[in-house]
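For clarity, every value in this text was computed on a predicted model and none was experimentally measured. As the structure lists them, so they are numbered: ligands from 1, and atoms in each ligand from 1.
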Amino acid sequence: MTEPIAGWVWEYEGYDPANERLRESLCTLGNGYFATRGAAPECPADDVHYPGTYAAGCYNRLTSHVAGRHVENEDMVNLPDWLPLRYRLKNQDESGEWLTPDSATLVALHQSLDVQSGVLERNLRYETGQGRTLAVRQLRVVHMADPHLALLRTEFTLEGPPAVLEVEAALDGTVTNAGVTRYRQLNSRHLTHVHTGDGDGRNIVWLRCRTTTSDVRVGMAARTTAGSARPATRHDTGRAAQRFDLDLEPGRTVTVDKTVALHTSRDPAISDPLQAAVDRAGRAPGFDELLDSHLTAWDQLWRRAELDVPGEAGRILRLHHFHVLQTLSPHTADLDVGVPARGLHGEAYRGHVFWDELFVLPYLNLHFPEVSRALLGYRHRRLEAACRAARGAGRAGAMFPWQSGSDGREETQQLHLNPRSGRWLPDNSRLQHHVGSAVAYNVWRYCEASGDSEFLHTKGAEMLLQIARFWADSATYDESLGRHRIRGVVGPDEYHDAYPDASEPGLDDNAYTNVTAAWTLTRALEVLRDVPEPRRRELVERIGLDGGELELWEDVSRTLYVPFHDGVVSQFEGYGELAELDWDGYRARYGDIRRLDRILEAENDTVNRYQASKQADVLMLGYLFSPAELRSFFDRLGYSLDADTWRRTVDHYLRRTSHGSTLSGLVHGWGLARVRRAGAWKFVQEALEGDIADLQGGTTGEGIHLGAMAGTLDLVQRGLTGLEARGGAIWLDPVPLPELSEYGFTLRYQGHWGVRLRMRPGSLHIAVPASDRSPIDIELPGRAVSVMPGESCELSLPE
Ligand code: BGC
């Protein structure tokens, strides 16, 4: 292995049980097909350790009885644990205890995650008495070239008198989904029919099982070798183990290699998952060869996603990059999966797919467009389910679910637990129909960046049109306002799900929902105009569109109502009449008030009564649209959104947001930077530190926040450069932050690979690779240039 490069390695010194879950999440290894938390292979799951392995898109549905009700939840399944590898000294003078980080004999533990190579290294040292020291070095890989493989190499070196070391490597199918304390009252046993066996003298043990209701069959096989030592195989219920007795001589390193293969019945090109896993584990080459191909795969990924940001921000961004690529890699392009909000890193939010893809796809579009296309394909395959859901709600078009899982039905839980009060409460977040606009927005931006008109004119158009149809049908005309309204929804700010004292959930005219609905309608009409014949006719026939409907869309797109109060855009109609919260008082009393909703509910109050937001809602508009685009869009709706009104709006919500979502810091940092306001960096930093410092108080241990991680990458890529790919050109309008004024990145834009951009104080450098076939047109405010293949240009920027 090459030497790790500074700034790419995350080091963890010592063993800290209180932070072990966080470390496990941040040290998760994955390849887009599956991921495994960075847990200690010596330890089974308990209150400190939580080994979790998740295959993208592998869900199972269970019914539980809570608060006097039967509730059904679909979860991303914790698959059998492939990690277990424990060891102990067998001499009579030893205690015979398995050695783990919790052992009293542990004297040192150092762990390092090299995000360049995707290798997790652990070094442990035990002083076991009688003058013996056992050093353990362990390398772990979830293979980036062969997505069905994982490797664990463990090297043991003894100092002191010779000893016999017993090593046990196992596959454990007795696991449950137990990674989130809040879900503990729910049924969590997703695996059944667990069988184990061994593979005819090839040092292989295997395990097969299936999920209880989705009937996904899982096959796992492990080949463990320790020089020429022969293992003894042992099968306990749900667990297959291989044990070795190894003679340790002082100063001589003994190596144990465990090579694991995983298949599920969702995989293409296999006969049955167990046979595929056993074959793969048996056929796999040795550790060194596998490590080589793994490093090459990572090297290729980094070449497609170069990002050179100096200092600590750069170090964190590399970690974010790493986790985004481990969740959504080119392997994802072959799968039927969406963007799991918490990565493949833990069980929070049950591996569900929310609107968070809005923060992920715009980044991927400019590096891995094939992955974006596949993720949009996940939505398209569930368009029919979304149309069914709309019909069920008495509407036309497509109503995408707030939380999506296997088949595209609404997966939002019916009840959620407030851990502060211990009460189970109705979860109304399913009224966040704005998720449909996020799908539409992603279709549009993906097609702009990739130039994939084939997708835009077929599946993309179908989604845009059906989402637009849903919005037009959801809008009702209000005579007194002379405008259309969308009532009974919830906006991005999840604190507000009803009017105070209302008997039904839902709010009217959430500004974000209405503006993005108007945007979707406008884009849908535009696409329909642009689709060439005979595709257009096919589309119209398939969807059953008529002229009257299109006239309505045009009308609604121009007349949706946007409420204002006190000279600012209102989050929803009536927001301005809500009470003001005593922010200082609550901060003084509780310190961290990010989950103000839980605090108030536990006080028998409700956050619905207050002008207090969990996260950016109106201000999301400044994230999705440039100031000029937003202004012209408001003009189209017949409102004036001048710079002063937007500034007042930003100030209003800045003072009234608790940032109870990691997305909030990102959106505020982005939005403030775009209008060149001071204070942006504080929010950017919050977005950067969200997971590494676990700012949401313990939630990162349950899974990373993928939207915020990808969003920070996009912040330097599009946010601070103002980069837009539209009309056949790249538009730039840089707003460098003093704290982040010099950095570079490459991007893939339509047919161009490896276009290089570098921001410097006062200038912008653009280089087009010589291998490209055509020039790139660049548009800056007041200037346009064309950069030829093999050439570069330096553009000066206004101060
Ligand atoms: C946020 C949502 C987000 C979800 C999943 C929630 O806390 O409020 O906006 O979609 O987390 O990340």
For T699, all residues meeting side chain to side chain contact (heavy atoms under 4.5 Å, CB included), sequence neighbours excluded: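 So T699 forms a side chain to side chain contact (heavy atoms under 4.5 Å, CB included) with R342, D694, Q696, E702, H705.
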Centroid separation [X] to [Y] less than 6.0 Å:
X    : Y    : value
Y623 : F359 : yes
H321 : Y363 : yes
Y653 : H668 : no

Flag [X] as yes when one of its N or O atoms lies below 3.5 Å from any N or O atom of ligand 1, and as no otherwise.
X    : value
S661 : no
W355 : yes
Q615 : yes

Option from L366, L358, N365 for which side-chain contact (heavy atoms from CB on, under 4.5 Å) with R445 holds: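 Passing option: N365.
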NZ or CZ of R23 within 45° of W10 ring axis and under 6.0 Å: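 Output no; distance or angle outside limits.
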Show which atoms of ligand 1 fall inside a sub-4.0 Å distance from at least one heavy-atom site of [X].
X    : value
L663 : 9 (O)
D356 : 3 (C), 5 (C), 10 (O), 12 (O)
W402 : 10 (O)
A341 : 5 (C), 12 (O)

Side chain, backbone, both or neither: the part of R342 lying under 4.0 Å from ligand 1 by heavy atom: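 None of R342 does.
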Taking atom 6 (C) of ligand 1 as the reference point, the nearest protein heavy atom with its distance: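 For atom 6 (C) of ligand 1, the nearest protein heavy atom comes out as Y349 OH, 3.3 Å.
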